[in-house]
2 protein chains.
Amino acid sequence: MRKGQLTRQAILQRAVQLASKVGLAGLTIGTLADDLELSKSGLFAHFQSKEALQLKTLEFAAASFVDLVVRPALAAPRGVPRVRAVFESWLDWPRRDPLQGGCFFVAAASELDDRPGALRDRLVAMQKDWLELITNTVRTAILEGHLHPALDPEQFAHDLYGIMLAYHHASRLLADPEAERRARRAFDRLLLSARSAPSGN
Amino acid sequence: MRKGQLTRQAILQRAVQLASKVGLAGLTIGTLADDLELSKSGLFAHFQSKEALQLKTLEFAAASFVDLVVRPALAAPRGVPRVRAVFESWLDWPRRDPLQGGCFFVAAASELDDRPGALRDRLVAMQKDWLELITNTVRTAILEGHLHPALDPEQFAHDLYGIMLAYHHASRLLADPEAERRARRAFDRLLLSARSAPSGN
DNA sequence: TGACAGAACGAACGATCGTTCTAAATTAGG
DNA sequence: CCTAATTTAGAACGATCGTTCGTTCTGTCA
């Protein structure tokens with residue numbers, strides 16, 4: 001009853017790595033089994049279908065994101081420092097989890113944005129949770145008096161997401177060495193306008 | 001000698017639509033042939049390999065993007081109006097090409113960002129061209145005196161890309177009805193800081 | 001109209017997909 | 001240590017993948 005859980009974890013960990021390269025749909029039980037030196041059927045037995053494997057993989061990736069990115073960021077003091085910590089922690093994610101190729105969720109998002117089903121529903125819920133957490137962090141910063149009262153926290157979260165997506169695009173696809181500097185500049189500008197500008201957003 | 005080219009075009013058009021949903025890797029000769037009511041081998045004969053088909057599909061999508069988005073935008077008067085036209089034209093893309101599900105290039109980018117090869121190389125070149133075109137448009141706006149001389153045009157292009165990626169994410173995956181408004185607000189803020197702020201970027 | 005090139009087809013290939021079954025190996029508890 | 005339960009392996013399934021082959025249509029131009 002213990003050994004099973006162990007290999008299950010190992011399978012999921014490898015599945016996340018693999019899916020971050022080839023996507024959730026590109027995941028293949030055969031190659032996954034070969035990578036782990038398991039038999040196809042042996043691996044399959046742990047899940048009852050491929051979709052179940054994909055779903056568990058999605059959950060596993062989310063849990064690891066929370067551990068590596070979200071939780072550390074929330075340790076920062078409330079207000080702008082925590083907002084900044086979210087950004088820095090997020091930006092630092094590739095270094096904290098160096099096994100992956102590209103962001104798992106970016107891959108999943110572009111795959112699932114047109115394929116209804118349980119997988120998509122789960123991913124959407126996750127993304128909304130994450131956006132809401134950012135929104136609340138910003139909202140707190142407003143209440144602390146760190147950011148302008150007229151600031152729209154949801155717009156801030158949306159814009160921050162865009163910064164991260166652009167960073168991913170520039171660094172992963174274009175291999176732009178300036179990607180990180182660009183992301184920091186964009187974030188600084190976002191934060192600056194959030195401090196004092198009622199017009200911006 | 002004429003009939004062939006015609007069906008070739010039809011194949012590629014359908015391929016772009018399909019690939020915007022399932023990705024370039026998810027493209028399947030069998031399903032594509034069924035969709036077009038062609039035989040698998042008949043379709044295959046037009047290209048000599050699947051990778052060739054994918055490459056041609058990529059080229060076709062790029063050409064259509066130029067026709068529908070780039071060219072109209074460049075008709076606007078130089079300077080900020082043209083910058084704004086690029087944004088508006090880009091944002092309006094889904095309405096101009098309503099057949100697609102999600103952005104073809106977003107799907108391709110997240111698929112190919114970790115898979116070296118001719119496909120990736122071509123896509124990277126395209127993206128760089130597009131970014132460079134935006135950069136030059138911005139640069140012109142600076143020379144016209146519309147934007148601040150200290151503005152970094154490449155950063156502007158990068159940030160604009162982020163806005164579009166966030167828009168795509170919000171509208172496609174999250175089905176957020178505010179997506180377009182959010183994109184407009186982000187663009188306005190970007191443009192505002194580009195007009196007068198030497199600090200932002 | 002006849003001839004020839006080009007376009008489309010149908011069948012088949014080896015490989016791999018997800019999945020199912022049964023048997024063997026391994027593990028855990030009494 | 002033995003037994004029962006769990007975990008893995010192996011073989012096979014129907015389907016589909018990309019690709020090849022030879023053949024049959026179908027347009028095009030002399």
Side-chain angles (χ1 to χ4, degrees), chain A residues 1-19 21-60 107-108 111-112 115-120 122, chain B residues 1-19 21-60 107-108 111-112 115-120 122:
Chain A
M1 186 134 30
R2 196 136 66 275
K3 177 72 155 32
Q5 282 288 347
L6 210 70
T7 56
R8 246 171 92 111
Q9 294 276 110
I11 291 171
L12 290 177
Q13 183 173 335
R14 190 84 191 87
V16 171
Q17 291 175 33
L18 229 146
K21 294 184 186 164
V22 299
L24 267 177
L27 252 192
T28 255
I29 295 182
T31 60
L32 190 55
D34 283 357
D35 268 30
L36 293 159
E37 294 183 321
L38 284 180
S39 68
K40 233 177 26 153
S41 53
L43 190 153
F44 184 87
H46 284 274
F47 316 88
Q48 287 74 10
S49 71
K50 186 184 182 184
E51 198 183 4
L53 165 64
Q54 291 173 317
L55 211 56
K56 295 285 184 187
T57 303
L58 187 58
E59 300 289 351
F60 193 87
E111 284 186 72
L112 297 174
R115 268 177 276 189
L119 268 175
R120 184 203 146 106
R122 192 70 192 90
Chain B
M1 187 133 30
R2 197 137 65 273
K3 178 74 158 23
Q5 282 288 347
L6 210 70
T7 57
R8 245 171 94 111
Q9 294 277 108
I11 292 172
L12 290 177
Q13 184 175 336
R14 191 84 190 89
V16 171
Q17 293 176 33
L18 229 144
K21 293 184 187 166
V22 299
L24 267 177
L27 252 192
T28 256
I29 296 182
T31 59
L32 189 55
D34 283 357
D35 267 30
L36 293 157
E37 293 183 322
L38 285 181
S39 67
K40 238 178 21 157
S41 53
L43 190 154
F44 184 86
H46 284 274
F47 317 88
Q48 287 74 9
S49 69
K50 186 183 182 183
E51 197 182 5
L53 166 65
Q54 292 172 316
L55 211 55
K56 295 286 184 188
T57 302
L58 187 57
E59 299 290 350
F60 193 87
E111 282 186 71
L112 297 173
R115 269 178 275 187
L119 267 175
R120 183 203 147 107
R122 192 68 192 89

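Owing to the predicted nature of the structure, the values given are computational and were not obtained by experimental measurement. Every chain is numbered from 1 and lettered A, B, ... according to where its sequence line falls, protein lines coming before strand lines.
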Subject >> Pair A:Arg122 + A:Glu59: basic N to acidic O under 4.0 Å >> reply: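 A salt bridge links A:Arg122 with A:Glu59.
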
What is the distance from [atom1] of [X] to [atom2] of [N], rounded to the nearest Å?
X	N	atom1	atom2	answer
A:Asp34	C:dT16	CG	P	9 Å
A:Gln48	C:dC21	CD	P	13 Å
B:Gln54	D:dC17	CD	P	14 Å
A:Lys50	D:dT16	NZ	C1'	13 Å
A:Ile29	D:dT8	CD1	P	15 Å
B:Ile11	C:dA7	CD1	C1'	10 Å
B:Leu43	C:dA8	CG	P	9 Å
A:Leu55	C:dG18	CG	C1'	17 Å

Name the closest nucleotide to the [X] side chain, picking from [options].
X	options	result
A:Thr31	C:dC17, D:dT19, C:dC9	C:dC17
A:Ser41	D:dA9, C:dC9, D:dT19	D:dA9
A:Arg2	D:dG18, C:dA28, C:dG18	C:dA28
B:His46	C:dA8, C:dG18, C:dG10	C:dA8
B:Thr28	D:dG18, C:dC9, D:dA9	D:dG18

Original post:
OP1 or OP2 of C:dA8 less than 4.0 angstrom from a side-chain nitrogen or oxygen of B:Thr7, does that happen here?
Top reply: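 For C:dA8, OP1/OP2 do have a side-chain N/O of B:Thr7 under 4.0 Å.
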
**OP:** Would you mind classifying the nucleic acid contact of B:Leu27 as base, sugar-phosphate or nothing, using non-hydrogen atoms under 4.0 angstrom?
**Re:**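 Sugar-phosphate only.
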
Original post:
Across the strands shown, which category fits B:Leu38 at heavy-atom distances under 4.0 angstrom: base, sugar-phosphate, nothing?
Top reply: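 Sugar-phosphate, no base atom in range.
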
Original post:
When only distance counts, do a donor and an acceptor, one from the side chain of B:Lys40 and one from the base of D:dG18, lie under 3.5 Å apart?
Top reply: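 Under the 3.5 Å cut-off, the side chain and the base do form a donor-acceptor pair.
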
Subject >> Side chain B:Ser39 and base C:dA8 donor-acceptor under 3.5 Å >> reply: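 Checked by distance alone, the answer is no.
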
If you measure from [atom1] on [X] to [atom2] on [Y], what distance do you get to the nearest 0.5 Å?
X	Y	atom1	atom2	answer
B:Ile29	B:Asp34	CD1	CG	12.0 Å
B:His46	B:Leu12	NE2	CG	10.0 Å
B:Arg14	B:Asp35	CZ	CG	4.0 Å

Subject >> Side-chain heavy-atom pair A:Lys56, A:Arg8 within 4.5 angstrom cut-off >> reply: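 Contact flag for A:Lys56/A:Arg8 side chains = yes.
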
